Amino acid sequence: MFHKLVAIEPTSLIPSAEKKLYSFAKEVILYSDIPGDDDEIAARIGDADAVLLSYTTQLGKAALEKCPNVKYIGMCNSLYSPESANVDIYYANSRGITVTGIRDYGDEGVVEYVISELVRCLHGFGQEPWDGMAREITGLKTGIVGLGKSGGMIADALHFLGAEITYFARSEKTEAKAKGYRFLPLDELLEESEVVCCCLNRNTVLLHAPQFEKLGNKKILFNTGLSPAWDEEPFLKWLGGDNLCFCDTVGALGGEHLLDHPKIRCMQVSTGRTRQAFDRLSEKVLQNLSGFTGINI
């Protein structure tokens with residue numbers, strides 16, 4: 001059992017899960033706002049040996065080195081790699097601090113977002129039809145950049161509705177080939193696709209000026225990651241053509257200064273943050289705590 005567990009910011013745990021946190025520590029403190037800087041983060045952690053946080057705060061060496069008692073950090077958000085994490089995992093590990101995160105809790109909502117926006121765009125619901133006449137997803141040439149869990153689910157949903165799926169990933173995937181999805185080099189995928197969905201880890205940028213030249217004109221681009229999948233200057237140049245970009249969050253877009261661009265459709269909300277996603281998130285955070293402490297609840 002921990003001496004003190006501190007959630008340094010809102011973690012999106014459901015109320016029943018928050019109550020169960022008291023089974024893991026003698027003292028539990030849950031903050032309801034986001035800390036402003038490293039000093040405030042360190043002050044909130046204090047002498048705690050367990051820390052919880054979400055995706056809205058960066059927990060780095062500057063704050064952690066002021067908190068010598070920490071032995072466990074639970075990320076209540078996605079953890080795919082140390083490089084894309086909002087915790088300095090390398091520094092934490094050098095101190096013997098265990099860092100856990102979760103995966104695959106909000107993908108369903110993201111899939112629904114892509115399908116919803118694409119259907120509205122193609123059919124012309126509340127706007128002009130993309131091709132001048134309503135069309136279906138049937139036969140739509142769709143490229144998925146990053147065929148992880150969410151990218152795979154988006155591909156499956158679009159394939160079910162009749163889209164022709166190609167994908168680019170670190171390597172060709174046997175299970176994708178069995179479904180009839182074609183693996184292509186990135187430039188070929190961009191050139192061939194009518195719609196491209198970027199489903200990449202945070203801070204992964206694959207679309208530079210040459211890639212936008214390959215992507216060409218009269219294309220639809222989705223970004224469902226947590227940060228832009230592109231360099232901004234060639235991205236804006238590409239948008240000067242007859243093209244369209246969809247993002248759910250400002251973080252995925254690259255900043256509020258782009259919100260008023262006429263070729264950008266940004267919902268300004270994380271579409272993966274649904275009631276069911278919070279249930280899945282809570283369950284996985286508690287599982288991580290149980291795995292570290294050996295306390296089953």
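The chain is numbered in sequence order, starting from 1. Computed from a prediction, not measured in an experiment: that's the story for all the values here.
- Hydrophobic cluster membership is shared by Ile73 and Val6, with clusters built from Ile, Leu, Val, Met, Phe, Trp and Tyr side chains linked at under 4.5 angstrom.
- A distance below 6.0 Å separates the ring centres of Phe222 and Phe246.
- Counted by atom type alone, Ser84 and Asn201 present zero donor-acceptor pairs between their side chains at under 3.5 Å.
- With a 4.5 Å cut-off on side-chain heavy atoms, Val28 and Phe2 do not count as touching.
- Side-chain atoms of Ser116 do not come within 3.5 Å of backbone N or O of Glu112 as any donor-acceptor pair.
- Tracing side-chain contacts under 4.5 Å through hydrophobic residues (I, L, V, M, F, W, Y), one never reaches Ile14 starting from Leu21; they form parts of separate clusters.
- When the shell of 6.0 Å around CE of Met267 is examined, it contains 12 or fewer heavy atoms from other residues, nucleotides or ligands.
- In this structure, CD1 in Ile45 is found 10.5 Å from CG in Leu52, a value given to the nearest 0.5 Å.
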Trace of the salt bridge (charged side-chain N to carboxylate O under 4.0 Å, His left out) decision for Arg44 with Glu40 | CA-CA 6 Å; Arg44 291 187 179 192; Glu40 187 173 358; 2.8 Å; yes
Check step by step if side-chain contact (heavy atoms from CB on, under 4.5 Å) holds for Leu258 and Leu236.
-> CA-CA 9 Å; Leu258 298 172; Leu236 290 175; 3.7 Å; yes
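- Contact detail for Gly216 and Trp238: the closest heavy-atom pair is O-NE1, 2.7 Å.
- Atom CD of Glu256 is surrounded by 12 or fewer heavy atoms from other residues, nucleotides or ligands within 6.0 Å.
- Heavy atoms of other residues, nucleotides or ligands lying less than 6.0 angstrom from NZ of Lys19 number 12 at most.
- Put simply, the side chain of Glu117 does not reach to within 4.5 Å of the side chain of Asp248, judged on heavy atoms.
- A continuous path of ILVMFWY side-chain contacts below 4.5 Å connects Ile97 to Leu79, so both sit in one hydrophobic cluster.
- No more than 12 heavy atoms of other residues, nucleotides or ligands sit less than 6.0 Å from atom CG of Asp260.
- The line from CD1 of Ile8 to CG of Leu53 is 5.0 Å long, rounded to the nearest 0.5 Å.
- Contact check for Leu206 versus Gln211: no side-chain heavy atoms found under the 4.5 Å cut-off.
- The distance from atom CG of Leu281 to atom CD1 of Ile102, rounded to the nearest 0.5 Å, is 3.5 Å.
- Between Asp39 and Lys66 a salt bridge is recorded (basic side-chain N to carboxylate O distance below 4.0 Å).
- With rounding to the nearest 0.5 angstrom, the CG atom of Leu184 is 5.5 Å from the CD atom of Glu192.
- Heavy atoms only, all atoms of each residue included: Ala229 and Leu200 are closest at CB-CD1, 3.8 Å.
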Would you check, one step at a time, whether the test salt bridge (charged side-chain N to carboxylate O under 4.0 Å, His left out) holds for Glu194 with Arg135?
-> CA-CA 13 Å; Glu194 299 173 88; Arg135 66 173 290 187; 2.9 Å; yes
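- In this structure, the side chain of His261 engages the main chain of Lys263 through a donor-acceptor pair within 3.5 Å.
- The two atoms that bring Asp242 and Trp130 nearest to each other are O-CH2, 3.6 Å, heavy atoms only.
- Using a 4.5 Å cut-off on side-chain heavy atoms (C-beta onward), Thr249 and Leu226 make no contact.
- Applying the 6.0 Å contact sphere to NZ of Lys61 captures no more than 12 heavy atoms from other residues, nucleotides or ligands.
- Side-chain heavy atoms closer than 4.5 Å link hydrophobic residues (I, L, V, M, F, W, Y) into clusters, and following such links, possibly through other members, connects Leu158 to Phe125.
- Counting heavy atoms from C-beta outward, Glu175 and Tyr181 have side chains that stay 4.5 Å or more apart.
- Between the side chain of Asp49 and the main chain of Val70, no donor-acceptor pair closer than 3.5 Å is present.
- Side-chain atoms of Lys219 and Ser193, non-hydrogen and from C-beta on, never get closer than 4.5 Å to each other.
- Considering NZ of Lys177 and CZ of Phe183, their distance stands at 11.5 Å, rounded to 0.5 Å.
- Two residues are said to be in side-chain contact when any heavy atoms from C-beta on lie closer than 4.5 Å; Met75 and Leu59 fail this criterion.
- Surrounding CD of Glu172 are more than 12 heavy atoms belonging to other residues, nucleotides or ligands, all under 6.0 Å away.
- Aromatic pair Phe292/Tyr72: ring centres closer than 6.0 Å.
- Side-chain contact between Ile264 and Leu259 is absent, with no heavy-atom pair separated by less than 4.5 Å.
- Arg103 contributes no side-chain N or O that, together with a main-chain N or O of Lys149, makes up a donor-acceptor pair within less than 3.5 Å.
- Taken together through direct or relayed side-chain contacts under 4.5 Å among Ile, Leu, Val, Met, Phe, Trp and Tyr, Val87 and Ile41 form part of one hydrophobic cluster.
- One finds the OG atom of Ser23 at 9.0 Å from the CG atom of Leu286 (value rounded to the nearest 0.5 Å).
- Using modelled atom types and a 3.5 Å distance limit, the side chains of Tyr90 and Glu83 yield a donor-acceptor pair.
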